[in-house]
**Student:** 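Handing you this structure, nothing more for now.
All values reported here derive from a predicted model rather than from experimental measurement.
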Amino acid sequence: MPAARSIAGPVQRFVVEAYQNVDTGGPEALVQLALALDSLCPNSTHVMARPANPRLVREYPELASLPRMAYNFLKRGDLYVTPEHVACDRVLKAHGVRQVVYMLSAKARRRNYQSIRAGCRLLSHNYWGAEHTSAGLNLARE
């Protein structure tokens with residue numbers, strides 16, 4: 001199967017960290033992202049093999065059909081999407097895995113700055129989140 005193209009370059013698999021221990025809109029946004037990616041790139045989208053939030057499993061039954069993946073199975077060409085509380089992993093980058101931090105909160109500026117310094121890119125699902133959360137980080141608008 002040919003690699004999917006994205007702004008991040010060729011991608012073999014999309015892997016979304018769709019688990020959080022809180023029941024807010026952030027984890028739901030990650031589930032929605034994983035399901036949207038799966039609709040665009042079937043058989044190329046995975047979620048991490050952690051227990052999903054029970055409410056989200058009930059509200060998004062399609063989540064159960066996404067393949068699960070353990071962290072140690074990430075490989076070159078994967079695009080790993082994480083929420084802000086998951087640290088940017090330099091070891092993954094050295095192994096050809098691209099990690100993108102999905103900005104979900106306006107309270108994570110320090111963590112986002114650390115992620116940028118570690119080589120991760122930031123992604124936001126809306127303009128306000130990107131503009132507000134990235135204020136002071138000197139990021140290009142793109």
Side-chain angles (χ1 to χ4, degrees), residues 1-57 59-60 62-142:
M1 173 161 94
R5 299 289 301 171
S6 75
I7 60 167
V11 174
Q12 295 299 321
R13 298 182 300 187
F14 296 95
V15 182
V16 180
E17 180 67 67
Y19 168 80
Q20 287 186 348
N21 60 355
V22 294
D23 192 7
T24 64
E28 189 162 2
L30 286 161
V31 167
Q32 291 172 351
L33 175 65
L35 294 173
L37 287 170
D38 185 57
S39 73
L40 296 170
C41 303
N43 306 317
S44 297
T45 303
H46 300 71
V47 292
M48 282 307 220
R50 297 185 190 194
N53 179 304
R55 178 186 66 83
L56 297 177
V57 171
E59 291 183 19
Y60 298 93
E62 309 89 358
L63 184 60
S65 67
L66 292 180
R68 302 282 191 252
M69 180 182 296
Y71 180 83
N72 55 330
F73 284 98
L74 290 167
K75 65 181 183 181
R76 180 174 299 284
D78 286 347
L79 182 68
Y80 179 39
V81 182
T82 65
E84 296 121 328
H85 76 273
V86 176
C88 186
D89 190 336
R90 291 177 191 260
V91 174
L92 288 178
K93 185 176 180 182
H95 288 96
V97 175
R98 283 163 291 154
Q99 183 178 349
V100 177
V101 175
Y102 197 26
M103 297 186 297
L104 300 167
S105 166
K107 300 177 182 177
R109 284 193 181 125
R110 171 179 255 164
R111 172 67 82 175
N112 290 337
Y113 180 72
Q114 292 167 343
S115 292
I116 291 167
R117 292 198 51 164
C120 281
R121 292 187 65 170
L122 301 180
L123 174 69
S124 178
H125 67 286
N126 65 39
Y127 177 77
W128 182 88
E131 191 70 10
H132 186 75
T133 306
S134 64
L137 298 179
N138 295 321
L139 298 178
R141 187 178 208 121
E142 297 79 24

**Student:** Please evaluate residues Leu66 and Leu35 with respect to the criterion side chain to side chain contact (heavy atoms under 4.5 Å, CB included), reporting the C-alpha separation (whole Å), side-chain torsions for both, the decisive distance (0.1 Å), and the verdict.
**Tutor:** CA-CA 8 Å; Leu66 292 180; Leu35 294 173; 3.9 Å; yes

**Student:** Residues in side chain to side chain donor-acceptor pair (under 3.5 Å) with Arg111, at least two apart?
**Tutor:** none

**Student:** Check whether any side-chain heavy atom of Met48 lies under 4.5 Å from a side-chain heavy atom of Leu74, and answer yes or no.
**Tutor:** yes

**Student:** Can you give me the closest heavy-atom contact between Cys120 and Val101, atom names plus distance?
**Tutor:** CB-CG2, 4.1 Å

**Student:** For residues Thr82 and Glu17, report the shortest heavy-atom separation together with the two atoms involved.
**Tutor:** CA-CB, 4.0 Å

**Student:** So, taking the atom named CE in Met69 and the one named CZ in Arg13, what distance separates them when rounded to the nearest 0.5 Å?
**Tutor:** 3.0 Å

**Student:** Can you see which heavy atom on Val86 is nearest to which on Tyr80, and at what distance?
**Tutor:** CG1-OH, 4.3 Å

**Student:** Using a 3.5 Å distance criterion without hydrogens, assess whether the side chain of Gln114 forms a donor-acceptor pair with backbone atoms of Cys88.
**Tutor:** no

**Student:** If you look at every heavy atom in Arg76 and Val97, which pair is closest and at what distance?
**Tutor:** N-CG2, 4.2 Å

**Student:** Quick one: pull up CG in Asp78 and NE2 in His95 and give me the separation to the nearest 0.5 Å.
**Tutor:** 13.0 Å

**Student:** Heavy atoms only: give me the nearest Ala87-Gln99 pair and the separation to one decimal.
**Tutor:** O-NE2, 3.2 Å

**Student:** Glu59: what forms a salt bridge (Lys or Arg N to Asp or Glu O under 4.0 Å) with it, not counting sequence neighbours?
**Tutor:** Arg55

**Student:** Would you say that Arg68 contacts Val47 through its side chain, given a criterion of any heavy-atom pair below 4.5 Å between the two side chains?
**Tutor:** yes

**Student:** Within a radius of less than 6.0 Å around CZ of Arg117, do more than 12 heavy atoms belonging to other residues, nucleotides or ligands occur?
**Tutor:** no

**Student:** Is any side-chain heavy atom of Val11 closer than 4.5 Å to one of Arg98?
**Tutor:** yes

**Student:** For Leu33, which residues count as a side chain to side chain contact (heavy atoms under 4.5 Å, CB included) partner, sequence neighbours excluded?
**Tutor:** Leu37, Val81, Tyr102

**Student:** Go through the structure and list residues passing side chain to side chain contact (heavy atoms under 4.5 Å, CB included) with Lys93, not counting sequence neighbours.
**Tutor:** none

**Student:** Please enumerate all residues that pass side chain to side chain contact (heavy atoms under 4.5 Å, CB included) together with Ala64, with sequence neighbours excluded.
**Tutor:** none

**Student:** Can you name the side chain to side chain donor-acceptor pair (under 3.5 Å) partners of Asp38, sequence neighbours left out?
**Tutor:** none

